[in-house]
Protein chains: 2
Amino acid sequence: MLPSNQPKPKNNTEIAVEKLRGLIFSGELPAGSNHLETELAVRLGMSRTPVREAALMLEAQGLLEVRARKGVRILPVSVQDMEEIYDVLTALESMAAGQAANAGLDHSALAGLEAAIADMETALDQGNREDWAEADDRFHTELVRLSGNSRMIAIVALMADQVRRARAITLYLRPLPVKSNEDHRQVLDAISAGDAETARDIHKAHRDAAKSTLVALLKQNRLHML
Amino acid sequence: MLPSNQPKPKNNTEIAVEKLRGLIFSGELPAGSNHLETELAVRLGMSRTPVREAALMLEAQGLLEVRARKGVRILPVSVQDMEEIYDVLTALESMAAGQAANAGLDHSALAGLEAAIADMETALDQGNREDWAEADDRFHTELVRLSGNSRMIAIVALMADQVRRARAITLYLRPLPVKSNEDHRQVLDAISAGDAETARDIHKAHRDAAKSTLVALLKQNRLHML
DNA sequence: CTCTGGATTTATGTATACGTTAATGTATAC
DNA sequence: GTATACATTAACGTATACATAAATCCAGAG
């Protein structure tokens, strides 16, 4: 079978999950806002059943909250939430970096990381923060993907989702991430060299620094909720 | 308000989640088995709607799979699954151990860990594997609880759920966990001493060893699926 | 005897109706 | 003027009916 790029037929519940995620990330359903199931059903052009099922799934993913007679509430992300999420990401990604170093991956297997770093550098030179953020995200996703651990991949994706809005806001508040790019390069070098401990340690330090920077930024700007 | 031990009123979906979890862990719904929604609804004494919603939630938790026209399938846990889960637990718990060491916790805050270790030692002396497993579980849960990271706590609980059946089976196959108890004690000592790096490293080594033991045991006994 | 095509069955996916319950608003008593 | 109790309302939780699509079964041809 040829690689089918056909969008496989999805049921309405899956469609509702995707649409709601889109509405949340785009800010059309802002953090803290409440929405009745009926209202969302009309908006998505389907009945309450799939909308309700989608809401329950998104609740499990930590994006919203289903409350009796109050509708679904889009969960805001507090500074404390950000700290929690960064810690989880740090723990999992650092392990992934160590495992990648131990896996003895050849050059081609590391091409994804290499490309992400190159793109980050290009974006940085051009001062294009959006592109940098995309490539940075790609680096972290790829790092975890190399672990081959499906649970790790899923958890990291979930956590990344939860901070997506906050990152978009702080993207233009933070200093240009020059140090960050150096860190990424060092992590890749350690993985190439098969040095698991260095890969782990550098990545952990990188993430911890990113967390500190972000938290300080949020507090400076009085952004306690996002 | 006095501490209300009244079981707070739960809706049928929550009840269905609990009952289904119970049926899965008890083995009444064995790994790999398929069950129609209607059938489960009759069994739980409610209509399909809450059963279906519960199934979707349990699917998000990785305990089963909802397939169109094939009913829900209780997911078996393969050796590879166990490896993945142990790696996630290792990463998160190790970080938690390090954070606990850095938190400067006093003796009373560590009482839970202390008690768990004491219970493990008692159970070991008596050769009571069930009690040992319970106390071991408590140690790991408590370690993560000390981090105060609600996401970490939730993820660890989820992962622990998925290996619960497998652990019950291997509990009587494995050698008596003498080394394990020594490890726990060392982790607690490092936390007490505020030595984050040692706490992290020892705990990681402990978990990695546990994973190796378990995987070897499963393969020796041809238990590829649980 | 095997394989193919179509009819049939059946379980899910979805819509909808209804009961339940909590929130809101109003009226009355203090 | 305030507080309380009751009526009203509105949204969810649940049951159920129905549409849809896949799996099964059977017949007929090769």
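Per chain, numbering begins at 1; letters A, B, ... match sequence-line order. What you see below is based on every heavy atom in this structure, not just the backbone, and it leaves out hydrogens, waters and symmetry mates.
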Is any side-chain N of the basic residue among B:Glu18 and B:Arg21 closer than 4.0 Å to the acidic one's carboxylate O?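 No, B:Glu18 and B:Arg21 are not salt-bridged.
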ask   = Hey, are B:Arg138 and B:Glu134 close enough for a salt bridge, meaning a charged N less than 4.0 Å from a carboxylate O?
value = yes
[X] has an atom [atom1]; how far is it from atom [atom2] of [N], in whole Å?
X	N	atom1	atom2	answer
A:Lys10	D:dA21	NZ	C1'	19 Å
A:Leu44	C:dA15	CG	C1'	15 Å
B:Arg52	C:dT14	CZ	P	7 Å
B:Lys70	D:dA23	NZ	C1'	9 Å
B:Ile15	D:dG13	CD1	C1'	12 Å

Watson-Crick or G-U wobble partner for C:dA23, using a 3.5 Å limit on both distances?
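Per the H-bond distance test, D:dT8.
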_Pair partner, C:dC30 [Watson-Crick or wobble, under 3.5 Å]_ =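 The base-pairing partner of C:dC30, which may sit in any strand shown, is D:dG1.
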Winner on side-chain proximity to B:Thr13, out of C:dT12, D:dT14, D:dC12, is D:dT14
_Selection from D:dG13, C:dA23, C:dG13 that lies nearest to any side-chain heavy atom of A:Asn11_ =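 Comparing D:dG13, C:dA23, C:dG13 against the side chain of A:Asn11, the answer is C:dG13.
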Reading nucleotides 15-20 of chain D from 5' to 3' and marking B where a protein heavy atom lies under 4.0 Å of the base, S where only the sugar-phosphate is that close, and - otherwise, the string is BBB---
**Asked** Start at the 5' end of DNA chain C and walk down; is the nucleotide closest to A:Ala68 or to B:Ala68 reached first?
**Response**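 The answer here is B:Ala68.
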On DNA chain C, more 5' by nearest nucleotide between B:Leu36 and A:Glu53 is B:Leu36
Under the 3.5 angstrom rule, does the side chain of [X] hit a backbone N or O of [Y] as a donor-acceptor pair?
X	Y	result
A:Arg167	A:Ala160	no
A:Glu59	A:Val66	yes
B:Ser147	B:Leu143	no

Is the ring pair A:His140/A:His206 parallel, tilted or perpendicular, if the boundaries are 30 and 60 degrees?
parallel
Original post:
Does any donor atom in the side chain of B:Asn149 or B:Gln99 lie under 3.5 Å from an acceptor atom in the other side chain?
Top reply: no
